[in-house]
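Encoded as structure tokens, here's the structure I'll be asking about.
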Number of protein chains: 2
Amino acid sequence: MATKLNWPSADAVSAARANIPDIVVGRLPVYLRTLELMAGEGREVASSQELGARLGISSAQIRKDLSHFGEFGKQGTGYNVAFLRRQLEQILKVNCVWPVVLVGAGYLGHALASYNGFEHRGFRIVAVFDSDPAKIGNRVSPSIVVEPVSAIGETLQRCQCQIGMIAVPAEAAQKVADTLVEAGIRSILCYAPITLNVPAHVRVEYIDPVIHLQHMTFYLRQGCDEGSAPS
Amino acid sequence: MATKLNWPSADAVSAARANIPDIVVGRLPVYLRTLELMAGEGREVASSQELGARLGISSAQIRKDLSHFGEFGKQGTGYNVAFLRRQLEQILKVNCVWPVVLVGAGYLGHALASYNGFEHRGFRIVAVFDSDPAKIGNRVSPSIVVEPVSAIGETLQRCQCQIGMIAVPAEAAQKVADTLVEAGIRSILCYAPITLNVPAHVRVEYIDPVIHLQHMTFYLRQGCDEGSAPS
DNA sequence: TAGATTGTTAATCGATTAACAATC
DNA sequence: TAGATTGTTAATCGATTAACAATC
């Protein structure tokens, strides 16, 4: 790859980014998470082999993935954990804290609002919205009080937030997504079990535990009570 | 494909299952979720084209994926929603309710224990464990009281449970996984931000919102406050 | 019948891996 | 130097898609 010692122009960086397979980008956060863990263990260097063993993937894949972005390792030694970590943070743009808004203040919304694992990995929930009048005004974290959904537009303009999380029931999710998009959100993490319809410039990722569970039951021997059918 | 009208023997089914790409299996729950939605809308038939449009994937992919399992559609018409739904439930083995145990009774554990979206999609949390003495004995749902982690072995023997969910802090997750594996669990859904080390016969899937958020920030223009670095 | 859509084939496209020269 | 490990190439492997005969 040409991108070595002299870093290219901002335009060239954008172009290079566009050519990197999305599946590769998707693995970088996992590499980063592992490096954070190893840093916590006091490890100073890590080989692609060791990383691969920890993650259950091949060392070749790790080296190839990283090679899209530069040369971060040293022959005979491996990768400096702290250095590679900083590089990945930069590549993923999490060498800072992104403000995030959350819609939905039910059990899940509460869990997300009080989760303390966001901040040191680049994210901070700065506002929580709900449509239930009974919830508006409730404090969901030391610094956050639930606002009405109708306030999304105004609040988003103030905090310049590009990321939204949706933790409302499936029936309400599309409307919430429309509101977020209207307010200028560019990325949505959707916990509602539904595929959202959004314009092309908005990226959506999904978290639905049942999807994962159903993926796993395919491989299990049927051991559940067949008498009790769902729905 | 040979598997058409006469269904093959149980052995042949197992063999066929083994040859189906995991990535295909992973999309079936998404198809099923969409069919449930369409059934709720009163839709009776759906073409691969329509399903694809809703999910943002090609109609060819949907037809190809389904063709691994049989012929479920009708030329000129498409798929009968209720029929295809039943078939997918059968293939994924969610035409019944699987018991699931949950370890971790923090905010997230509570949210999972009270989530009412599991049951009609094939899963029921039947026990919740925590290591914090202050939490043991607490009621987390109408039918569930938090038990000590030390009770996992015994409880699992009683409920014949093959699936576990981990919602404990990262530092505690590996030990919990070891305990679950020891107790005979075959599938783990892990919410802790860590890659677990488990024997080959145990399947693990992960849910970590930060992984998704970091995947998305790669594509955003840096808009977060660069002064406030994480960690 | 005419129009629509399936299931399947073959071609294309893309991702993973094995292997190795370079080099620390 | 000898051993280890990188970054990269080329080969392999697998997944997606376009196209179409079959047929409802």
Side-chain angles (χ1 to χ4, degrees), chain A residues 1-7 16-28 30-31 35 38 43-81 83-85 87-88 91 215, chain B residues 1-7 16-28 30-31 35 38 43-81 83-85 87-88 91 215:
Chain A
M1 183 161 177
T3 314
K4 284 193 183 184
L5 299 173
N6 295 337
W7 275 93
R17 291 200 154 232
N19 289 329
I20 291 163
D22 186 64
I23 197 163
V24 170
V25 177
R27 281 189 293 260
L28 300 185
V30 181
Y31 299 164
L35 290 165
M38 296 180 77
R43 299 293 313 282
E44 291 195 349
V45 294
S47 66
S48 58
Q49 179 137 114
E50 185 184 359
L51 281 166
R54 266 180 108 123
L55 295 173
I57 61 184
S58 77
S59 62
Q61 179 160 87
I62 290 177
R63 293 198 301 279
K64 182 127 231 281
D65 284 354
L66 295 177
S67 76
H68 282 100
F69 302 95
E71 300 184 345
F72 304 123
K74 196 182 272 184
Q75 282 104 324
T77 309
Y79 301 90
N80 177 292
V81 170
F83 176 74
L84 183 54
R85 177 186 181 181
Q87 294 300 310
L88 287 177
I91 291 164
H215 190 168
Chain B
M1 181 158 180
T3 314
K4 285 194 183 185
L5 298 173
N6 297 336
W7 274 93
R17 290 199 156 233
N19 289 329
I20 290 162
D22 185 64
I23 198 161
V24 170
V25 177
R27 281 190 293 259
L28 300 185
V30 181
Y31 299 164
L35 290 165
M38 296 180 77
R43 299 293 312 283
E44 291 194 351
V45 295
S47 66
S48 59
Q49 179 138 113
E50 184 183 0
L51 282 166
R54 264 179 110 124
L55 296 172
I57 62 184
S58 76
S59 61
Q61 179 159 87
I62 291 178
R63 292 198 303 278
K64 182 124 228 282
D65 284 353
L66 296 177
S67 75
H68 282 100
F69 302 94
E71 299 182 347
F72 305 123
K74 194 181 275 185
Q75 282 105 324
T77 308
Y79 302 89
N80 178 292
V81 170
F83 175 74
L84 183 55
R85 178 186 180 179
Q87 294 300 309
L88 287 177
I91 292 165
H215 190 167

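Per chain, numbering begins at 1; letters A, B, ... match sequence-line order. All figures in this text were calculated on a predicted structure; none of them were measured in a lab.
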> Any side-chain N or O of R63(A) under 4.0 Å from OP1/OP2 of dA4(D)?
Replying inline: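 No, no such contact exists.
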> CZ/R43(A) to CD/E50(A) distance, rounded to the nearest 0.5 angstrom?
Replying inline: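 Between R43(A) CZ and E50(A) CD, I get 4.0 Å after rounding to 0.5 Å.
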> Atom CD1 of I91(A) and atom NE2 of H68(A): how far apart are they, to the nearest 0.5 Å?
Replying inline: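 If we round to the nearest 0.5 Å, I91(A):CD1 and H68(A):NE2 are 11.5 Å apart.
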> Between atom CD in E71(A) and atom P in dA22(C), what is the gap in whole Å?
Replying inline: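 That distance rounds to 14 Å.
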> For G73(B) and G76(A), take the nucleotide of DNA chain C holding the closest heavy atom to each; which residue's nucleotide lies nearer the 5' end?
Replying inline: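 Nearest-nucleotide comparison on DNA chain C picks G73(B).
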> If you write DNA chain D from 5' to 3' in dot-bracket form, with Watson-Crick or G-U pairs under 3.5 Å, [ ] for crossing pairs and | for pairs with another strand, what do you get?
Replying inline: ..||||||||||||||||||||||
> Nearest-Å distance, CZ (F72(A)) to P (dG7(D))?
Replying inline: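 Whole-Å distance recorded here is 8 Å.
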> Rounding to a whole Å, what distance do you find between I57(A):CD1 and dA15(C):C1'?
Replying inline: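 So the two atoms are 13 Å apart, to the nearest Å.
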> Picking from dT9(C), dG7(C), dA15(D), which would you name as closest to the side chain of K64(B)?
Replying inline: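 The nucleotide sitting nearest to the side chain is dT9(C).
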> dT8(D), dT17(D), dT6(C): which one has an atom nearest the side-chain heavy atoms of S58(B)?
Replying inline: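 Selected nucleotide (nearest to the side chain): dT17(D).
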> Can you tell me how far CG of L55(B) sits from OG of S48(B), rounded to the nearest 0.5 angstrom?
Replying inline: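 The CG atom of L55(B) is 11.5 Å from OG of S48(B), to the nearest 0.5 Å.
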> In whole angstrom, what separates E50(A)'s CD from dA4(D)'s P?
Replying inline: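 Interatomic distance, CD of E50(A) to P of dA4(D): 15 Å.
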> Which part of the nucleic acid, if any, lies within reach of S48(B) when heavy atoms closer than 4.0 Å are counted: base, sugar-phosphate only, or nothing?
Replying inline: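 Sugar-phosphate: the residue S48(B), judged by heavy atoms under 4.0 Å, touches backbone atoms but no base.
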> Looking at dA15(D), dA15(C), dG7(D), which one has an atom nearest to any side-chain atom of S67(A)?
Replying inline: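 Shortest atom-to-atom distance from the side chain points to dG7(D).
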>> For the CG atom of L28(A) and the CG atom of D65(A), what is their distance to the nearest 0.5 Å?
In response: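 It comes to 6.5 Å.
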>> Measure CG/D65(B) against P/dG7(C) and give the value in whole Å, please.
In response: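 That distance rounds to 12 Å.
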> Taking OP1 and OP2 of dA4(D), is either one under 4.0 Å from a side-chain nitrogen or oxygen of Q75(A)?
Replying inline: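 It does not, given that no N or O in the side chain of Q75(A) lies less than 4.0 Å from OP1 or OP2 of dA4(D).
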> Rounded to the Å, how far apart are Q49(B) CD and dG3(C) C1'?
Replying inline: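 From Q49(B) CD to dG3(C) C1': 13 Å.
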> Starting at CD1 of I23(A) and ending at P of dT17(C), how long is that distance when rounded to a whole Å?
Replying inline: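 In whole Å, dT17(C) P lies 11 Å from I23(A) CD1.
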>> Please determine whether side chain to side chain donor-acceptor pair (under 3.5 Å) holds for the pair S59(B) and R63(B), giving the CA-CA distance in whole Å, both sets of side-chain angles, and the decisive distance to 0.1 Å.
In response: CA-CA 6 Å; S59(B) 61; R63(B) 292 198 303 278; 3.3 Å; yes
> Side chain of P21(B): nearest nucleotide among dA15(D), dT17(D), dT5(D)?
Replying inline: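 Of the candidates, dA15(D) comes closest.
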> Which value, rounded to the nearest 0.5 Å, describes the distance between R27(B) atom CZ and H215(A) atom NE2?
Replying inline: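 The NE2 atom of H215(A) is 10.5 Å from CZ of R27(B), to the nearest 0.5 Å.
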> Is Y79(B) near enough to dG7(C) that one of its side-chain N or O atoms lies under 4.0 angstrom from OP1 or OP2?
Replying inline: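 Indeed, a polar side-chain atom of Y79(B) lies that close.
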>> Whole angstroms only, please: what is the CG-P distance between N80(B) and dC24(D)?
In response: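 Checked: the CG to P distance equals 16 Å.
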>> Counting only side-chain heavy atoms from C-beta out, which of dT16(D), dA18(D), dT16(C) sits nearest to Q61(A)?
In response: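 Among dT16(D), dA18(D), dT16(C), the one nearest the side chain of Q61(A) is dT16(C).
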> Above 12 or not: heavy atoms from other molecules or residues under 6.0 Å from CD of Q49(A)?
Replying inline: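 No, the 6.0 Å shell around CD holds no more than 12 heavy atoms from other groups.
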>> I need the L51(B) CG to Y79(B) OH distance, nearest 0.5 Å.
In response: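 Separation between the atoms: 8.5 Å.
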> On DNA chain C, nearest-nucleotide positions of A60(A) versus D22(A): which is more 5'?
Replying inline: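 The 5'-side residue here is D22(A).
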